[in-house]
Amino acid sequence: MQEAVNQQQVLDSAEIRKDFPILERSVQGKPLVYLDNAATTQKPRSVIDAEAEYYLKHNANVHRGIHTLAEEATEAYECTRDRIASWIGGVAREEVIFTRGTTEAINLVAHSWGGANIGKGDRIVLTQMEHHANLVPWIQLAKKNGAELAYLPIDGEGRLDLSSMDSIITPNTKLVAITQMSNVLGTINPAAEVAARAHSVGAVVLADGAQSAPHMPVDVKVLGVDFFAFSGHKMLGPTGVGALWGRRELLEAMEPWQTGGEMILLVKWDRATWAELPHKFEAGTPNIAGVAAWSKAFDYLDRFGMDAVRSHEVEWTRYTMNRLLGLGFVNIFGPKDVEERGSAISFEVEGVHPHDLAQFLDSRGVAVRAGHHCAQPLTKLLGQTSTTRASGYLYNTTAESDRLAEALLEAKKYFG
Amino acid sequence: MQEAVNQQQVLDSAEIRKDFPILERSVQGKPLVYLDNAATTQKPRSVIDAEAEYYLKHNANVHRGIHTLAEEATEAYECTRDRIASWIGGVAREEVIFTRGTTEAINLVAHSWGGANIGKGDRIVLTQMEHHANLVPWIQLAKKNGAELAYLPIDGEGRLDLSSMDSIITPNTKLVAITQMSNVLGTINPAAEVAARAHSVGAVVLADGAQSAPHMPVDVKVLGVDFFAFSGHKMLGPTGVGALWGRRELLEAMEPWQTGGEMILLVKWDRATWAELPHKFEAGTPNIAGVAAWSKAFDYLDRFGMDAVRSHEVEWTRYTMNRLLGLGFVNIFGPKDVEERGSAISFEVEGVHPHDLAQFLDSRGVAVRAGHHCAQPLTKLLGQTSTTRASGYLYNTTAESDRLAEALLEAKKYFG
Amino acid sequence: MHNHDHQLDEMYRDIILDHYRSPRGRKDVADPTVVNEGMNPSCGDEIEMKVRLKGDTVEELGVHCAGCAISVASGSMLSEIAEGRTISELKVIAAAVKGMLTTGEVPEEIELDELSDIEVLEGVRQFPVRIKCALLAWVTLVEGLERYEKGGSGENASTTEDANPTVIV
Amino acid sequence: MHNHDHQLDEMYRDIILDHYRSPRGRKDVADPTVVNEGMNPSCGDEIEMKVRLKGDTVEELGVHCAGCAISVASGSMLSEIAEGRTISELKVIAAAVKGMLTTGEVPEEIELDELSDIEVLEGVRQFPVRIKCALLAWVTLVEGLERYEKGGSGENASTTEDANPTVIV
Ligand SMILES: Cc1ncc(COP(=O)(O)O)c(C=O)c1O
Ligand SMILES: Cc1ncc(COP(=O)(O)O)c(C=O)c1O
Ligand code: FES
Ligand code: FES
């Protein structure tokens, strides 16, 4: 078959791939093509080594320890906090709270801030493209406290339709929670514009950065949001780590959510007072090794800069979308213009069910995801029960997109 | 000075130490003597390698994925669940919920079960020796729902005094939460006896197994408790993993606590229904690598068996306590009889403040902990603001106890 | 010619793909005695089944499945063997299919190889995530029949709904 | 003879250990103008300070510290230089001590080496967890003086308590 000409790549993916040992693996007898990056990304050797190094040389419980290992462990752990604080736009380190991931970060806000600040008749505004992590906690809160939910709609290309924003973000709106980049449609949302409107009615704004932080430069101050949540494992970091950034005044006014060791100031038989930020929100022994190793993921991304990572992905996405559309039987959801979207490409293949397709692609070594991608209401809105999603990262090449396209052609014949 | 004769050791600690690379390290120019195991334990090479191996070969997000890596990752993750289910006494795998650690496990019970089942005028019974993790969540719940708190007292040797148990565990008691082994006193509590009384008044029983699970055989059925919480990092496993076991009927009746992806069945714009156990309680991407590697910690402990681990520690504790008491200026808190206690030995040295002591010991390569050990009310009850704690594990030798004793003698001279 | 993968072809046997491309039993049933809808929540796929019984025996069965190849083929195969069999015969066969797909054990009295193409579903066993696909039709049938036996209408009771928040979508 | 570790001895200088073993200023103050209690929550150690002012000037100061060697020594040294100095002089010195222990920067106008033994606290800087120990007395003094200046009683207001659960201990 006719090979498409490889487009100029912004990053030298061939070089980059050498840092990711798993990419040399074969699956089902074929070299792995890993296109499930929106679910979780692979890890460079530096991250894997850092986690081992922590256990080989410095492991101890953090904070309060007076011995050398405890000091080293605390330093490694707290160092990542500094890294994040500067990485998301130069915020104060005390405003960065470690969590297991985006989900726990949003749950923290929903339980602690939401529980106290959202009451009967108040409105919570979301978008129609939220991941369950930024949807179910708010449904539960609305149910518990008697609030109402409203959704900013999407247009036919899966972009946020802001024409009705002013009537949806009403004066009784207390919170607007919005994903900065959709994990299904790839859409990059005008979070700053939404935040401005939300603030004009006095609402607090949370941005779900699970998909944006890994793939584009993020500055929470420029975005103008109040809370920002993201996960380490989707940006070359270890599983089991994530972070919540929040504005100091909000965090300081909030009651802690999880309680226990390390987050208290004084405990008596009948009462407790809380430690300063950020410890107030970090109860118990954290994922120390994971947090320590996460900093190497930032180092790795900083080698190129997030502008370059973004440019690389724009080109990769453009190439991949063209390649899939060129097959003639693939329908892509989400924005057509690559400048308006990230590298998560969800699609349908006429006559082939997404789960059969994913199974077939796996037999060709190509890892994609099939399902509702934790966004059931959106999937239904698209008229689907599930879709197939290929999602790229800085190590993905256009040659891999060709492998995907060829396998799709085969699948079409196999099931058609 | 006169060297004490090394006692017969149950386990071959010299051999075991070879599996723990960090134990070869020096601190402040002296070989490390790591006696801070109650805070966190060191990790054998097999655990460290397993975590790296996961990232090097199998990394993907768990559940729902149809591609090969996702299946392998899911299998590695779920395998540890089976391992735990059999390890704590042969419970059903669905009853085992992964958390970040003991703290999160207890918070889950306090928020989900406690929030719905403990109301005004109900009583929560704890002991005077609880860690903040099994204290503060209940204080908060009591405050929120108008319940009262009562504490089972300790006697002069730091043992639970059950003489007044029947008058403390009253008919309005809804929950009894008790540590199975104290992290300060070392005391092993008669959890089964307390559970029997609690059940006779219809109360639910939670055991905090953070210190017991790593150091002795545990069978939750024999204990007769309803919830059991413990942490991986205190038993040779990675940081950032822990587990809650709960009786199926209780877990099934409970509402989820954290919500988001992976824990739902169906989500609509205004409602959601929940996945089956155990997924209902595991929202978002978990610490997959950590959970996968944790199974190697169980493998490692199983090489000896928990009876042997316990016997080893009994002998080590006996030797160490005798050695410290022999110095003439050390006062040990907690049971004198080693059969009634674990290997956490908290003590005071007349005339030397615990923080100065820990600092001095560190300069001699000896890592101990000084402070309230996340048990402020207990520490105060002991008439202290802080204590020094040396805590052992299967790799600790009596020669290390000698190093501790010698350093204490030096410290006494230095500050005295 | 494609160079098909062996394990994949074990699941997607030609017979299965044939049932997928041309599903049997995709018909409407007049005056149904049993109507049931089934769904696999993890993928969202749905199946609708209508059965007209005459006494204990299935006189006519129609199945509409909007799902993957495995679920469509499995429903199609079910429709091929259902008519003319009694409720209890069908329950035994459904249990045998489940045994074949999960434990690998099939009760001795059942000769699946005599049951049209059903035996070819066995290849699915190697793909644990897909077993639910092959079972969907069988679970939906048995559920409907059992509700009928218990004296229910045979109609799927709509799920009860408690107070949910006001929503503007 | 012990073979002391160099870094450790940098913190526990002989002068510090001497102040620890025989703390100065451990006296009661009659008719105190300022009474303040301080505490380091992370270790639970407490200090009590009483000051009698004459106008702007500290006439008498007493300090009782139940803490580690560093906190006791620091309080003892404070008591040696406080009497006869004005409130504003003491605040400048406290800021200088803090500077020495944290950023390492001490305002030019202050000559810490002329202030009794205070300069030897500098060794604590290499042990970040212990800096709070060295600061405890200084923070407690300044807090008390500032409350006095703001027209407060100079007595520590007891912390307010909201409704707590009934407790049986
Ligand atoms: C947009 C979005 N939000 C939230 C999440 C949840 O992240 P995590 O599973 O790491 O908590 C994800 C990923 O699964 C996501 O893509
Ligand atoms: C008795 C006890 N309970 C609970 C905990 C809390 O465990 P984690 O910090 O792993 O959540 C600890 C350890 O810190 C402990 O010793
Ligand atoms: S994937 Fe839905 S039934 Fe097979
Ligand atoms: S350790 Fe408490 S003041 Fe120094």
Side-chain angles (χ1 to χ4, degrees), chain A residues 21-22 25 27-28 36 39-40 42-43 48 51-52 55-57 59-61 64-69 100-101 103-104 107 131-133 136-137 139-140 231 233 238-240 258-261 264 267-269 271-272 283-285 287-290 355 358-359 362 367 369-371 374 376-377, chain B residues 21-22 25 27-28 36 39-40 42-43 48 51-52 55-57 59-61 64-69 100-101 103-104 107 131-133 136-137 139-140 231 233 238-240 258-261 264 267-269 271-272 283-285 287-290 355 358-359 362 367 369-371 374 376-377:
Chain A
I22 202 173
R25 200 197 131 143
V27 151
Q28 311 267 5
D36 195 15
T40 200
Q42 299 305 338
K43 323 300 173 200
I48 303 172
E51 192 148 351
Y55 288 126
L56 291 169
K57 301 210 181 129
N59 175 61
N61 213 325
R64 299 174 194 284
I66 280 186
H67 58 80
T68 302
L69 294 185
R100 176 171 38 247
T103 304
E104 196 188 27
N107 272 270
H131 185 280
H132 292 159
V136 186
I139 291 178
Q140 292 301 97
S231 304
H233 70 95
T239 55
Q258 300 189 33
T259 58
I264 55 89
V267 178
K268 307 213 179 285
W269 300 113
R271 83 199 72 165
T285 305
N287 184 351
I288 309 168
H355 284 67
Q359 194 94 60
D362 182 56
R369 189 146 293 230
C374 297
Q376 283 185 1
Chain B
I22 201 173
R25 195 195 137 145
V27 152
Q28 310 267 4
D36 194 16
T40 200
Q42 299 304 338
K43 322 301 173 199
I48 303 170
E51 192 148 351
Y55 288 126
L56 292 168
K57 300 208 180 133
N59 176 60
N61 214 324
R64 299 174 195 283
I66 280 186
H67 59 79
T68 301
L69 294 185
R100 176 170 39 245
T103 304
E104 196 188 28
N107 273 271
H131 185 281
H132 292 160
V136 186
I139 291 177
Q140 292 301 96
S231 303
H233 71 95
T239 55
Q258 301 189 32
T259 57
I264 56 88
V267 178
K268 308 212 179 285
W269 300 113
R271 83 200 72 167
T285 304
N287 183 351
I288 310 170
H355 283 69
Q359 195 94 60
D362 182 54
R369 189 145 293 231
C374 297
Q376 283 185 0

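Proteins come first, then strands; the chains are lettered A, B, ... in the order of their sequence lines, and each starts at number 1.
Nearest approach of Gln42(A) to Tyr55(B), heavy atoms of both residues: OE1-O, 4.4 Å. For Ala367(A) against His67(B), the heavy-atom pair with the smallest separation is CB-CG, 3.5 Å. Closest non-hydrogen pair, Thr103(A) versus Gly284(B), comes out as OG1-CA, 3.3 Å. When every heavy atom of Thr239(B) is checked against every heavy atom of Ala289(A), the shortest pair comes out as OG1-N, 3.1 Å. The nearest pair of heavy atoms linking Thr68(A) to Arg25(B) is CG2-NH2, 4.0 Å. Across Arg369(A) and Asn61(B), no two heavy atoms sit closer than the pair NH2-O, 3.5 Å.
Looking at Val27(B), only its side chain comes within 4.5 Å of chain A, counting heavy atoms on both sides. Of the two parts of Ile139(A), only the side chain, counted from C-beta on, holds a non-hydrogen atom closer than 4.5 Å to a non-hydrogen atom of chain B. Residue contact with chain B, scored on non-hydrogen atoms closer than 4.5 Å, involves the side chain of His233(A) exclusively. Interface residue Leu56(B): backbone and side-chain heavy atoms are both found under 4.5 Å from chain A. For chain A, the nearby part of His131(B) is the side chain; its heavy atoms alone come within less than 4.5 Å. Heavy atoms closer than 4.5 Å to chain A are found in the side chain of Ile264(B), but not in its backbone. In this structure, the portion of Asp36(B) lying under 4.5 Å from any heavy atom of chain A is its side chain and not its backbone. At a 4.5 Å heavy-atom cutoff, the contact between Gln359(B) and chain A is made by backbone and side-chain atoms alike.
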Open item on the list: Assess the residue pair Gln258(A) and Glu104(B) against the criterion (side chain to side chain contact (heavy atoms under 4.5 Å, CB included)); give the C-alpha distance rounded to whole Å, side-chain angles, the decisive distance to 0.1 Å, and a yes or no.
Closed with: CA-CA 7 Å; Gln258(A) 300 189 33; Glu104(B) 196 188 28; 3.4 Å; yes
Open item on the list: Go through it in stages, so that I can follow the logic: the residues are Glu51(A) and Glu51(B), the test is side chain to side chain contact (heavy atoms under 4.5 Å, CB included), and I'd like the CA-CA distance, side-chain angles, deciding distance and then a yes or no.
Closed with: CA-CA 9 Å; Glu51(A) 192 148 351; Glu51(B) 192 148 351; 2.3 Å; yes
Open item on the list: Ile22(A) vs Leu69(B), test: side chain to side chain contact (heavy atoms under 4.5 Å, CB included). Steps then yes/no.
Closed with: CA-CA 10 Å; Ile22(A) 202 173; Leu69(B) 294 185; 4.2 Å; yes
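Of the listed residues Cys374(A), Pro377(A), Gly240(A), the one with more heavy-atom pairs under 4.5 angstrom with chain B than any other is Pro377(A). Each of Ala272(A), Gly290(A), Pro137(A), Gly371(A) has some count of heavy-atom pairs under 4.5 Å with chain B, and the biggest count is that of Pro137(A). Looking only at heavy-atom pairs under 4.5 Å with chain B, the residue among Ile288(A), Thr40(A), Ile48(A), Asn107(A) that has the most is Asn107(A).
Judged by distance alone, the side chain of Asn287(B) and the main-chain N or O of Asn287(A) form no donor-acceptor pair under 3.5 Å.
Going from atom CZ of Arg271(B) over to atom CD of Gln140(A) covers 12.0 Å, rounded to the nearest 0.5 Å. Note: Asn59(A) CG to Lys43(B) NZ = 4.5 Å, rounded to the nearest 0.5 Å.
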